[in-house]
Every structure is written in structure tokens, then in C-alpha cells.
Amino acid sequence: MLWSRLFIPTLRENPAEAEVISHQLLLRAGYIRQLGAGIYNYLYLAQRSLLKVQQIVREEMDAIGAQEFYLPGLNPAEVWQESGRYDVMGDNMFRLKDRFGRPLCLGMTHEEVMTAIARGELRSYKQLPQIWYQIQTKFRDEPRPKSGLLRVRQFIMKDSYSFDLAPEGLDVAYEKHRIAYCRIFDRCGLEYVAVEAHSGAMGGSQSQEFMVATNAGEDYVVSSKQTGYAANLEKAVSRPVPPATPDNEAALTPEEVHTPGQKTIDEVSAFLKVHPTSIMKTLVLVADGKPYLAVLRGDHQLSETKFQSATACQEFRPAHPEEMREFLGADAGSLGPVRITTIPVLIDEALKGRKNLVAGANRDDYHLLNVTPEEDFQGAWHDLRQVAEGDTEIDTGAPLDVRKCVEIGHIFKLGYKYSKSMGLNVLDHNGVETPVIMGSYGIGIERVLCAAVELFSDSNGMSLPVSIAPFEVVLTPVKSADATLREAAGKLYAELKALHVDVLYDDRDLSPGVKFKDADLIGIPFRVNLGKKLASGLIELVNRRTKTSTDIPVAEAAALIRQAIAEARPTTAH
RNA sequence: CGGGGCGUAGCGCAGUCUGGUAGCGCACCUGCCUUGGGCGCAGGGGGUCGGCAGUUCGAAUCUGCCCGCCCCGACCA
């Protein structure tokens with residue numbers, strides 16, 4: 001393509017509203033423009049790049065025998081009512097009515113529609129297994145769209161769904177997807193990690209997320225370089241930092257102490273001269289309308305996900321101050337688990353074996369010394385604690401890192417949730433109606449591009465992997481007025497096109513600096529400079545990412561460029 | 001939904017406190033010049049100052065209401 005004919009509106013300065021790198025660069029490089037909060041126009045460069053991502057996804061999905069569909073984004077409410085998610089999705093679902101007043105919604109995902117298709121057509125185990133997928137637009141009314149293309153209200157997703165007769169079949173489909181996802185992200189040139197994920201309210205049994213480490217991300221991943229352990233913070237387990245001081249092992253009974261005005265763990269710690277690791281914090285939570293106490297070590301944080309799992313609740317919130325007083329007879333700051341019999345008490349496992357700790361007395365401005373779990377109060381043991389910086393791996397004691405990540409893909413064993421709620425059954429070998437077991441698997445297409453920009457950029461702009469860059473190479477005659485350079489560039493352009501190289505020819509009448517800056521900004525992996533050295537038959541091949549330059553003979557340039565691109569193309573080990 | 005910030009030319013901003021002819025840089029158009037990292041010179045075009053209402057002789061500026069966008073939090077199958 002000739003740059004002079006293209007619409008690539010690059011900006012010299014960062015638009016004020018963009019904070020994260022990928023947002024800034026995608027705007028500056030003329031890939032995208034914003035239409036509204038969480039709604040973006042994808043211009044020429046973004047579309048070229050996203051189509052390349054989609055093509056890689058398509059090839060790898062096809063390679064595992066998945067069949068491409070294309071389902072409507074506009075859905076009748078009934079399908080979603082059947083699965084129960086019409087209510088569950090709440091305000092996150094865009095809803096509308098047709099001219100007759102019938103309720104419709106915009107699809108957030110397509111388990112329901114896929115299940116509805118399967119239910120209508122699949123009759124026999126002989127038709128299984130099936131893997132169906134699509135690359136299609138999703139709509140989610142996010143409470144807070146943010147970070148450019150990372151959290152938006154309309155986005156493209158590759159979603160696939162597997163249908164099997166038995167769990168062993170689901171295991172196969174899941175594993176096929178895991179490998180396909182690795183191949184996809186490898187080929188897209190990303191650095192990523194597959195982590196254990198929380199299965200959530202979807203009710204599934206196993207789930208992995210594909211994560212790219214970047215500060216722009218919203219998820220936290222706990223991992224160990226030594227052992228390869230990697231899990232979403234929501235699900236991660238660890239060995240906590242040991243208590244700062246040993247417990248008094250004597251058989252003591254609780255003793256009330258006056259702690260006027262000392263409410264937070266830090267205040268109580270300073271006042272009583274007891275380290276926070278020897279204090280218990282007591283949280284009052286209301287889950288599905290019922291109160292619970294959660295007891296954790298003073299320096300630990302409650303994991304909301306783990307608490308939700310432990311209570312198997314749909315939703316929960318911290319108790320209001322009036323409720324705390326009603327349930328426990330004291331205000332936050334003096335709450336404790338001792339002599340609580342009417343409210344379920346959940347104790348974090350990090351407190352197992354601990355003795356003679358400090359806890360609130362359930363009397364304003366008083367705490368108890370010498371409180372021992374299971375002696376002085378009873379409760380159910382659960383892992384409630386969120387992994388923290390400094391923790392170590394639970395089995396090996398290896399150090400753990402906590403890193404911010406963005407989720408680019410998710411694979412999920414659904415089980416029978418949709419087949420049962422929507423009546424998807426087939427006849428098995430014995431002619432008995434059996435529910436089909438399902439899996440669902442997603443890739444956020446725009447997030448792949450964003451993640452690549454986040455991973456690979458410098459002060460001059462983005463530096464995309466050749467496999468997903470909008471062009472593989474850009475030709476830059478240094479002097480635009482020089483007829484010899486123009487002729488050589490035109491010839492090389494034709495040769496590269498003949499070799500099916502994705503080439504952009506910067507034929508604009510601009511100073512070299514502008515062309516170099518633009519080429520760097522939009523992230524084309526290779527640039528060919530045609531300049532002075534052409535007189536001696538040489539041109540320069542510049543690598544965007546390494547900033548290294550090689551002189552190559554113009555006569556063999558097309559073949560050498562094609563070879564350089566081929567060598568730079570990300571490979572897959574999977 | 002709670003807290004904070006911002007809406008002035010395509011982009012980045014000043015002007016608003018203290019009301020009085022709407023500005024700067026970049027980008028854009030014309031011509032000349034230049035050509036190895038966002039050149040130079042000259043000339044030029046582009047604005048309902050987010051919207052509505054009010055106060056005033058007079059509102060970008062003061063007041064009220066509304067809208068939009070960004071950030072933090074809540075939320076996030």
C-alpha cells in the first residue's frame with residue numbers, strides 16, 4: 001500500500017484522556033478513535049492487525065477440529081431467561097425492546113444460544129463430540145470502562161463451546177483448547193502465562209486463564225519462577241510469613257484489657273506492644289442476608305473470592321455499623337469471636353495451632369488477651385486469606401511474586417449447568433437420555449493487540465510482532481524528491497508484493513525524520529531505508545525492536561527481506 | 001452508585017480567580033526552501049468556549065440545572 005493514499009492519522013502528542021501505554025499508542029498511532037465511554041472505532045491499522053490476530057485464532061481453532069459459526073449479537077430474552085442468566089447478569093446486560101415491546105438483549109457471551117442450537121439438533125451420542133466457535137462482537141455494559149481497549153463495552157471475542165457425552169471427553173476438548181491457546185498466543189508473539197483460575201458462579205470444575213504481565217492489567221497473578229506455580233490471586237494459596245513473635249504456649253484463659261480508642265490492628269498493636277501477627281482480626285460480613293464472622297491474622301487480608309466459596313453465597317457485603325452492634329454488642333474495632341454462638345464463625349487456616357492471641361472483646365474499648373482458637377471459641381476452618389507479597393509456595397517454600405496482569409484468554413470446564421437448565425440431552429449407548437457435558441473457551445481479540453503493545457513499546461512507539469503488525473515492512477526513501485530513490489523503492493515495492501510480503505511504501509513527500517518517527521510509532525517490525533548507499537548498491541534493513549541496521553544489496557533485497565521477516569515470525573513450541 | 005478531575009480549533013494547552021474584541025504550540029492549506037530522526041521562511045483557513053437557563057449594559061469567565069469524558073473506589077459471567 002502507498003502511505004500517501006492511506007488514512008493513518010498519527011498524533012504528535014498523547015491525548016489527555018489516555019493513561020495506559022496501549023491506549024496512548026493506539027490513539028497516537030492512528031489505530032483507534034473513541035466514540036464513547038468504552039466504545040471505539042477501529043481504523044485501518046487496527047483492523048488490519050485485528051484481522052491478523054483473528055486469522056491466527058481461526059487457523060488454530062480449525063486445527064483442533066473446531067467448526068466456525070456466526071451467531072447473532074441480538075438475542076431474544078427467552079433464551080437467557082431459560083438459563084436464569086437474564087436476571088443474574090443484571091445491569092451488565094444491554095437490554096432493549098422491539099417494536100412490539102418484546103424484550104431483547106445484546107449477547108455478552110453465547111452459552112445460551114449455542115446450547116439452544118445443540119438442544120434442537122443433537123440427538124445421539126454418535127454426534128458427539130462437537131466443538132463450535134465463532135469470532136464475534138460481545139456487548140457488556142461495564143460499570144466502568146477504562147484503559148482504552150482493555151475494558152470496553154463492545155469487543156470482539158473468539159468463543160468456543162465443546163459438547164461431550166462424558167467428563168473424559170470434556171477433558172480432551174479442554175486440553176485441545178489449552179494447546180491451541182498456547183499456539184495462538186505464541187504465534188501472536190506474546191509473553192504469557194497460563195494460571196489456575198477461580199471457577200466462580202459458573203459452577204465449573206476447572207479453569208485456566210491466559211495472562212500477560214503488565215501494569216495496565218486489573219488481575220493479580222501469583223507465581224513462582226523456581227517451580228512454575230502460577231495462579232490468579234483470587235485462587236492462589238501460599239505459606240504465610242511466620243508470626244513475628246512466638247506464642248506463649250501456657251494454658252491461659254482470656255483476660256479483658258482496657259484499650260480506649262484503639263480500633264485498628266496497628267493501633268491495638270502499638271498500644272498493647274503486641275505484633276499484628278499475634279492479633280486476630282474479626283470481620284463481620286453479611287452473605288445472602290445472613291451474618292458471618294471471619295477471623296484472620298491481624299496482618300492478613302480477607303480474600304473475597306475465598307470467602308464467597310467458603311460460604312457458597314451469591315453475594316456478600318461488610319456488615320453495617322448498626323448490624324455489628326446488633327450482632328456483637330460493640331463497634332468495629334473491638335469485635336471478636338469469643339462467646340459467639342448464634343453466628344457462624346469462619347477461621348482462617350493461618351491461625352491453626354496458634355495460642356494466646358489478642359482479639360476484640362465485643363465490648364467497646366476492650367480487647368481480650370490469651371485467646372486460643374478452638375479452645376476459647378469455635379468455628380469452621382477455611383482458607384480465607386489472600387496471598388500477600390512475601391509469602392512462599394505452600395509445598396516447596398519457594399518465593400512467590402505477585403504481578404499485575406491482563407487476561408487475554410480463559411478456558412473453562414462448564415459441566416452440566418447449561419445442558420441441565422436448558423434441557424440439552426442425547427441418547428447414550430444404552431438409549432438412555434443423558435445430559436451433555438460442556439466447556440466454554442474465550443479469547444479477547446483486542447486484548448491480544450493491547451497486550452502486544454503493552455509488552456513491546458519504547459519512547460518512539462509500539463513495536464509489534466511481525467505476525468500481528470498491520471504491515472511487515474515499510475519502505476522509506478530518505479529523500480522523497482530523489483527520482484533514483486523513488487524508482488528503486490517502487491521497484492522493490494513491486495518485488496516484495498510479488499513475494500506476498502505485507503509491505504507499506506512510504507511515498508509521502510515529507511522529511512525523513514517525520515517518516516522515521518511515523519514508522520516507529522505505528523510499530524512496523526522492519527523498515528527499509530533507501531538513501532545515500534544506494535549509489536553503491538546498498539540499502540538498510542532496520543529492525544524496529546532491536547534498532548539494529550543491516551546493509552543489504554538492493555539486487556537481492558526482496559528475498560533477504562522476506563527471509564528476515566520469516567525468521568522474525570514468532571514460532572510455537574506447543 | 002460514592003469520591004476526585006476535566007470539557008476553549010483536529011491534538012496539546014493558556015485565558016475563568018478579578019466579566020469588557022477568543023489566544024498560543026502542533027496539525028491543516030498556498031508558495032518558496034530543505035531532505036539520514038517530528039526542517040526553515042512567508043502568507044492563510046478553521047471556534048455556537050459541552051448544553052440549557054439565569055444574573056448583567058455586556059458572560060468562555062459569575063449562579064443553577066443537565067450532558068459528556070477520564071481517574072480512584074464499589075462492581076466486574
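Note on naming: letters A, B, ... go to the chains in the order of the sequence lines (proteins, then strands), and numbering restarts at 1 for each one.
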**Student:** At 4.0 Å (heavy atoms only), tell me whether A/Asp91 reaches a base, stays on the sugar-phosphate, or touches nothing.
**Tutor:** nothing
**Student:** State, yes or no, whether a side-chain contact exists between A/Met61 and A/Ser160 at a heavy-atom distance under 4.5 Å.
**Tutor:** yes
**Student:** Between A/Pro512 and A/Val20, who's closer to the 5' end of RNA chain B by nearest nucleotide?
**Tutor:** A/Pro512
**Student:** Keeping A/Arg119 on the side-chain end and A/Met422 on the backbone end, is there a donor-acceptor pair under 3.5 Å?
**Tutor:** yes
**Student:** Do A/Gln54 and A/Ile156 have side chains that get closer than 4.5 Å, going by heavy atoms?
**Tutor:** yes
**Student:** Can you tell me how far C1' of B/rA77 sits from CD of A/Glu209, to the nearest Å?
**Tutor:** 12 Å
**Student:** Could you tell me if the side chain of A/Asp518 sits less than 4.5 Å from the side chain of A/Arg508, heavy atoms only?
**Tutor:** yes
**Student:** Rounded to whole angstroms, how far apart are CG on A/Leu414 and P on B/rA77?
**Tutor:** 14 Å
**Student:** Can you tell me how far C1' in B/rG23 sits from the matching atom in B/rG15, rounded to whole Å?
**Tutor:** 7 Å
**Student:** In whole angstrom, give me the gap between the C1' atoms of B/rC24 and B/rA14.
**Tutor:** 7 Å
**Student:** Contact class for A/Arg33 vs. all strands (heavy atom < 4.0 Å): base, sugar-phosphate, or nothing?
**Tutor:** nothing
**Student:** Is A/Pro318 touching bases, backbone alone, or none of the nucleic acid, heavy atoms closer than 4.0 Å?
**Tutor:** nothing
**Student:** Determine whether any donor atom in the side chain of A/Arg144 lies under 3.5 Å from an acceptor atom in the base of B/rG2, or the reverse, and answer yes or no.
**Tutor:** no
**Student:** Short of 4.0 Å, heavy atom to strand atom, which residues of residues 476-483 of chain A count as contacting RNA chain B?
**Tutor:** A/Val478, A/Lys479, A/Ser480, A/Ala481
**Student:** Separation of A/Arg527 atom CZ from B/rG38 atom P, in whole Å?
**Tutor:** 12 Å
**Student:** Closest to the A/Ala16 side chain: B/rG37, B/rC13, B/rC76?
**Tutor:** B/rC13
**Student:** Where do A/Tyr181 and A/Lys158 land on the side-chain hydrogen bond (donor to acceptor under 3.5 Å, both in side chains) test, with the steps shown first?
**Tutor:** CA-CA 11 Å; A/Tyr181 276 35; A/Lys158 186 291 296 180; 2.7 Å; yes
**Student:** What's the closest nucleotide to the A/Thr10 side chain, out of B/rA77, B/rC76, B/rG38?
**Tutor:** B/rG38
**Student:** Taking the minimum atom-to-atom distance to the side chain of A/Asp509, which one of B/rC69, B/rU35, B/rG36 wins?
**Tutor:** B/rU35
**Student:** State which of B/rC70, B/rC76, B/rG36 makes the closest approach to the side chain of A/Glu142.
**Tutor:** B/rC76
**Student:** Specify the separation, in whole Å, of atom CZ of A/Arg153 and atom C1' of B/rC69.
**Tutor:** 11 Å
**Student:** Check every atom of B/rC75, B/rG12, B/rG38 against the side chain of A/Glu17 and return the nucleotide holding the closest atom.
**Tutor:** B/rG12
**Student:** Both distances under 3.5 Å, Watson-Crick or G-U wobble: report the partner of B/rG64, or none.
**Tutor:** B/rC52
**Student:** Grab the CE-P distance between A/Met108 and B/rC75 for me, whole Å please.
**Tutor:** 17 Å
**Student:** Do A/Ile552 and A/Ile561 come within less than 4.5 Å of each other through their side chains, counting heavy atoms only?
**Tutor:** yes
**Student:** Kindly say whether, by distance alone, the side chain of A/Asp518 makes a donor-acceptor pair under 3.5 Å with the base of B/rG38?
**Tutor:** yes
**Student:** Any non-hydrogen side-chain atom of A/Arg140 less than 4.5 Å from a side-chain atom of A/Asn92?
**Tutor:** no
**Student:** Rounding to a whole Å, what distance do you find between A/Phe516:CZ and B/rG38:P?
**Tutor:** 10 Å
**Student:** Report the C-alpha distance between A/His23 and A/Lys146 in whole Å, list the side-chain angles of each, state the deciding distance to 0.1 Å, and finish with yes or no for side-chain hydrogen bond (donor to acceptor under 3.5 Å, both in side chains).
**Tutor:** CA-CA 9 Å; A/His23 190 198; A/Lys146 56 183 285 203; over 6 Å; no
**Student:** What is the pairing partner of B/rC69, taking Watson-Crick or G-U wobble pairs with both distances under 3.5 Å in any strand?
**Tutor:** B/rG5
**Student:** A/Lys515 side chain N/O closer than 4.0 Å to the phosphate oxygens (OP1, OP2) of B/rU35?
**Tutor:** no
**Student:** Mind checking the C1' distance from B/rG25 to B/rC33? Whole angstroms is fine.
**Tutor:** 22 Å
**Student:** Spell out, as yes or no, whether a donor-acceptor pair under 3.5 Å connects the side chain of A/Asn529 to the backbone of A/Glu540.
**Tutor:** no
**Student:** Nearest to the A/Pro143 side chain among B/rA74, B/rC13, B/rC70, which nucleotide is it?
**Tutor:** B/rA74
**Student:** In the 5'-to-3' direction, what one-character label does each nucleotide of nucleotides 22-31 of chain B receive under the scheme B = base within less than 4.0 Å of a protein heavy atom, S = sugar-phosphate only, - = no such atom?
**Tutor:** ---BSS----
**Student:** Between A/Gln34 and B/rC70, does any side-chain N or O lie under 4.0 Å from OP1 or OP2?
**Tutor:** yes
**Student:** Between A/Phe471 and A/Tyr44, how do the two ring planes meet: parallel, tilted or perpendicular, split at 30° and 60°?
**Tutor:** tilted
**Student:** Could you check whether any side-chain heavy atom of A/Tyr31 comes within less than 4.5 Å of a side-chain heavy atom of A/Ile522, counting everything from C-beta outward?
**Tutor:** yes
**Student:** Counting only Watson-Crick or G-U wobble pairs whose two distances fall under 3.5 Å, which nucleotide matches B/rC24?
**Tutor:** B/rG12
**Student:** Mind checking if A/Ser83 touches a base, just sugar-phosphate, or nothing, with heavy atoms under 4.0 Å?
**Tutor:** nothing
**Student:** Could A/Arg447 and A/Phe155 be counted as a cation-pi pair, given that NZ or CZ must be under 6.0 Å from the ring centre and within 45° of the axis?
**Tutor:** no
**Student:** Would you mind telling me which residue lines up with the more 5' stretch of RNA chain B, A/Lys517 or A/Pro15, judged by nearest nucleotide?
**Tutor:** A/Pro15
**Student:** Rounding to the closest angstrom, what is the interatomic distance between B/rC70 and B/rC26 at atom P?
**Tutor:** 29 Å
**Student:** Hunt down the Watson-Crick or G-U wobble partner of B/rG37, both distances under 3.5 Å, from any strand shown, or write none.
**Tutor:** none
**Student:** What integer distance in Å separates A/Glu304:CD from B/rG73:P?
**Tutor:** 12 Å
**Student:** State the pairing partner of B/rU30; accept Watson-Crick or G-U wobble contacts with both distances under 3.5 Å, and report none otherwise.
**Tutor:** B/rA42
**Student:** Could you work out the separation of B/rG2 and B/rC75 based on their C1' atoms and round it to a whole Å?
**Tutor:** 12 Å
